[in-house]
Amino acid sequence: MELDMKYFEEMEAKIPKGKVRTRFAPSPTGYMHVGNLRTALYTWLIARNAGGTFILRIEDTDQGRLVEGATDVIYRTMAQCGLTHDEGPDVGGPVAPYIQSQRRDTYGKYAELLISKGGAYRCFCGKDETEPADPKEIQKHVCDCPKLTDAEIAEKIASGASYVIRQKIPQKGTTTFHDASFGDITVENSELDDQILLKSDGLPTYNFANVIDDHLMGITHVVRGSEYLSSAPKYNLLYESFGWDVPTYIHCSPVMRDAQHKMSKRHGDPSYEDLMNEGYLTEAVLNYVALLGWSPKGALAEREFFTLSELAEAFDIAGISKSPAVFDIAKLRWMNSEYMKKLPPEVFFEKAEPILREAIPNPAINLKTVAALVQSRCEILTDLPGRVDFLAKLPDYDVALYVHKKSKTTLENSLAALEACVPVLENLTDWTNESLYAALTELAAKLEVKNSIVLWPLRVAVSGKESTPGGATDLCALLGKEESLRRIADGIARLKAAQ
RNA sequence: GGCCCGUUGGUCAAGAGGCUAAGACACCGCCCUUUCACGGCGGUAACGGGAGUUCGAUUCUCCCACGGGUCACCA
């Protein structure tokens with residue numbers, strides 16, 4: 001088989017050199033899980049930290065698993081997160097194409113090149129479906145195909161026999177692989193299998209496509225999940241056979257759902273999109289995910305709030321953790337609430353308005369005021385309806401709410417307080433929070449009771465809830481005079497019925 | 001099962017031979033207060049086990065246990 005050496009020279013000539021180049025290479029499954037997002041983030045951060053280039057490559061060599069619209073999810077997620085790529089299928093670049101299914105010829109040619117260098121061989125064995133007698137036995141492919149002569153191979157091909165190309169692993173010795181966070185890992189070559197590089201459909205396997213593309217795209221740092229750690233030594237052998245430089249590998253341990261399970265779609269763990277739909281803020285998710293498996297060193301060690309660009313500046317490979325990290329939704333909620341509080345009120349209102357409008361159809365209620373009241377009291381946007389729905393309609397509630405130990409309220413004094421409120425409020429002309437507060441504290445003073453004796457029952461009467469976004473006067477101001485008085489009357493009725 | 005990797009409080013984690021073993025979330029308590037929240041203050045809680053090396057091990061070595069990963073014409 002003749003090799004077109006000029007092709008390889010041209011390909012080599014296109015490889016950008018001298019700068020850090022990283023790539024995020026998802027396979028389009030239509031789902032960006034949290035672990036994936038973290039890998040993308042770290043990869044992006046390494047590039048940005050070094051002033052390098054970040055590349056998006058789509059790994060779609062498995063024709064059986066293509067999912068419609070899946071690449072759109074990837075583009076959309078990356079864009080929303082601000083993880084901008086410098087090269088990729090949609091923006092092009094010096095080493096295009098960036099979609100593996102469009103690079104089919106390249107893999108075939110490089111597989112041939114590898115054969116000529118003695119690092120691979122054609123195997124005509126067909127699918128290996130033999131069940132090992134002992135299931136505990138190591139399943140390694142062993143056959144006589146490597147011994148086939150050129151003539152025999154030509155004959156088989158001419159007769160239409162299908163074949164795969166397998167990596168030829170040395171029988172003896174050891175291979176040492178270096179990972180930036182795990183260090184040196186040495187394995188016996190006898191443990192390694194002659195893995196398939198090129199499938200019988202002519203498309204490469206993940207392991208082969210990766211090596212070829214990473215080299216041809218000039219990738220300097222490869223970030224990937226630790227599930228690939230055990231196949232990494234084979235990569236070294238591949239690079240060695242080709243005579244190429246090995247990039248820096250950074251394997252990341254998985255993001256777990258609990259101590260023994262990875263986050264997974266099957267178990268209903270949230271993807272990035274799910275988190276967005278649940279009302280989390282992208283910035284909070286990125287911040288949280290960045291710290292799940294990485295922590296800053298030195299002066300920044302105590303810091304926990306980072307913007308994307310601050311992360312890019314602070315990020316270092318040495319801070320990546322080797323052990324798996326459990327995804328803690330409670331901490332994400334907390335972090336999200338911190339981000340919510342920091343949002344400028346206009347921005348918060350913009351995000352909250354549609355949700356508030358749906359929960360409170362009543363046009364008389366000022367949603368801006370509601371938003372201001374609720375901004376510091378919700379962890380995620382989807383908490384909102386449950387916190388404000390009482391404004392639309394007074395819920396049925398238990399009079400026990402009127403009894404509050406700390407405020408020293410009882411059913412009896414609550415009733416008295418509400419009844420005392422009525423004339424005061426009826427006569428109040430300026431229906432604002434300030435005037436309400438002034439009038440009601442004046443009432444409490446006149447009755448010679450603590451403010452809470454008046455305000456607690458009032459808040460319960462107008463809200464019917466144990467917890468509300470604001471105090472009694474905030475709520476009255478929001479509800480308006482008529483509705484407030486109506487609810488107070490309702491409360492009085494409930495209390496009387498309970499006496 | 002073979003091979004590889006990992007193991008600091010419930011969770012995320014700092015630490016890199018000598019420290020009262022940080023910090024954050026969660027939890028609990030107190031204060032503030034017009035509820036909850038916010039805020040402030042404080043508290044409970046950890047180096048998986050066993051041998052070494054060393055004057056001294058959470059930090060180094062080995063063994064064990066546990067957990068994870070991997071052993072596909074999937075990535």
Side-chain angles (χ1 to χ4, degrees), chain A residues 25-27 29 59-62 64-65 123 126-128 134-141 162-166 177 179 182-183 185-188 190-193 195-201 203-207 209-210 224-233 251 253-254 256 258-262 288 291-298 301-304 319 321-335 337 341 373-374 376-379 387 401 404 406-407 437 440-441 444 450-456 458-460 463 465-475:
Chain A
S27 68
T29 60
E59 308 221 337
D60 60 346
T61 56
D62 184 359
R65 294 214 320 197
C123 174
K127 277 202 181 172
D128 200 357
D134 180 357
K136 287 171 188 166
E137 208 170 287
I138 312 166
Q139 285 191 55
K140 262 185 75 174
H141 181 86
S162 82
Y163 61 88
V164 298
I165 294 179
R166 309 186 91 109
F177 159 81
D179 180 89
F182 286 93
I185 295 167
T186 301
V187 295
E188 296 287 334
S190 60
E191 294 289 333
L192 272 19
D193 185 33
Q195 67 176 339
I196 289 173
L197 267 18
L198 208 68
K199 299 180 260 189
S200 53
D201 64 2
L203 283 167
T205 56
Y206 168 82
N207 290 312
N210 251 263
R224 30 140 59 166
S226 61
E227 65 268 30
Y228 302 116
L229 206 48
S230 50
S231 57
H251 287 87
S253 285
M256 311 292 283
D258 55 46
Q260 30 280 113
H261 304 279
K262 270 169 69 154
Y288 175 70
L291 261 17
L292 238 201
W294 173 80
S295 66
K297 299 274 178 208
E302 303 253 306
R303 181 160 179 183
E304 54 192 345
S321 168
K322 283 188 281 215
S323 38
V326 175
F327 182 88
D328 182 4
I329 195 79
K331 186 150 188 180
L332 206 213
R333 283 184 73 97
W334 164 77
M335 183 158 273
S337 74
K341 279 177 228 164
L373 245 23
V374 91
S376 69
R377 296 162 223 256
C378 78
E379 293 186 311
R387 305 206 66 129
L401 281 182
H404 184 65
K406 241 171 131 185
S407 301
Y437 186 71
L440 291 167
T441 49
K450 283 177 59 178
N451 290 342
S452 60
I453 296 287
V454 173
L455 293 167
W456 177 281
L458 180 57
R459 191 185 63 82
V460 171
S463 68
K465 294 196 97 173
E466 188 177 8
S467 150
T468 52
T473 57
D474 290 307
L475 303 183

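Scope of the values below: all heavy atoms of this structure, side chains included, with no hydrogens, waters or symmetry mates. Just so it is clear: chains get the letters A, B, ... in the order the sequence lines come, proteins before strands, and each one is counted from 1.
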Roughly, in whole Å, what's the span from [atom1] in [X] to [atom2] in [N]?
| X | N | atom1 | atom2 | answer |
| --- | --- | --- | --- | --- |
| A:Arg333 | B:U11 | CZ | P | 20 Å |
| A:His404 | B:U33 | NE2 | P | 13 Å |
| A:Leu203 | B:A72 | CG | C1' | 16 Å |
| A:Lys262 | B:A75 | NZ | P | 15 Å |
| A:Glu188 | B:C71 | CD | P | 20 Å |
| A:Ile185 | B:G69 | CD1 | P | 16 Å |
| A:Leu455 | B:U34 | CG | P | 8 Å |
| A:Leu440 | B:U35 | CG | P | 14 Å |

Does [N] have a Watson-Crick or wobble partner in any strand here, with both distances under 3.5 angstrom, and which is it?
| N | result |
| --- | --- |
| B:G39 | B:C31 |
| B:U20 | none |
| B:A57 | none |
| B:A46 | none |

Which part of the nucleic acid, if any, lies within contact of [X], taking any heavy atom under 4.0 Å across all strands shown: a base, the sugar-phosphate backbone alone, or nothing?
| X | value |
| --- | --- |
| A:Thr473 | base |
| A:Val326 | sugar-phosphate |
| A:Tyr288 | nothing |
| A:Lys341 | sugar-phosphate |
| A:Gly293 | sugar-phosphate |
| A:Ser323 | sugar-phosphate |
| A:Glu304 | sugar-phosphate |
| A:Ala330 | sugar-phosphate |
| A:Leu292 | sugar-phosphate |

Mind checking the [atom1] distance from [N] to [M]? Whole angstroms is fine.
| N | M | atom1 | value |
| --- | --- | --- | --- |
| B:A13 | B:G49 | C1' | 23 Å |
| B:A75 | B:G67 | P | 30 Å |
| B:A16 | B:C64 | C1' | 25 Å |
| B:U44 | B:U11 | C1' | 16 Å |

Any [X] side-chain N or O less than 4.0 Å from OP1/OP2 of [N]:
| X | N | answer |
| --- | --- | --- |
| A:Thr468 | B:U35 | no |
| A:Lys297 | B:A16 | no |
| A:Lys199 | B:A75 | yes |
| A:Ser467 | B:A37 | no |

Hey, can you tell me if A:Phe327 and A:Tyr288 have their rings parallel, tilted or perpendicular (30° and 60° cut-offs)?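 Plane angle over 60°, so perpendicular.
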Take the angle between the ring planes of A:Tyr228 and A:Tyr206 and call it parallel below 30°, perpendicular above 60°, tilted in between. parallel
Would you kindly compare A:Leu198 and A:Trp334 by the position of their nearest RNA chain B nucleotide and give the one closer to the 5′ end?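 Comparing both residues, the 5'-ward one is A:Trp334.
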A:Lys331 vs A:Pro296, nearer the 5' end of RNA chain B by closest nucleotide: A:Pro296
Quick check for you: to the nearest 0.5 Å, what is the distance between A:Arg377 atom CZ and A:Ser467 atom OG? 8.0 Å
Can you tell me how far CG of A:Asn210 sits from OG1 of A:Thr205, rounded to the nearest 0.5 angstrom?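 These two atoms lie 9.0 Å from each other.
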So, under a plain 3.5 Å distance rule, would you say the side chain of A:Ser230 forms a donor-acceptor pair with the base of B:C3? no
Tell whether A:Lys406 reaches the base of B:U33 with its side chain through a donor-acceptor pair below 3.5 angstrom. yes
Of A:Arg387, A:Lys341, A:Arg333, the residue whose pairing with A:Cys378 passes side-chain contact (heavy atoms from CB on, under 4.5 Å):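 The passing option is A:Arg387.
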Can you see which heavy atom on [X] is nearest to which on [Y], and at what distance?
| X | Y | result |
| --- | --- | --- |
| A:Met335 | A:Glu304 | CE-O, 3.4 Å |
| A:Met256 | A:Asp258 | CB-O, 3.2 Å |
| A:Arg459 | A:Leu475 | CG-CD1, 3.9 Å |

Under 5.5 Å centre to centre and under 30° between planes: does that hold for A:Tyr437 and the six-membered base ring of B:U34?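 So A:Tyr437 counts as stacking on the base.
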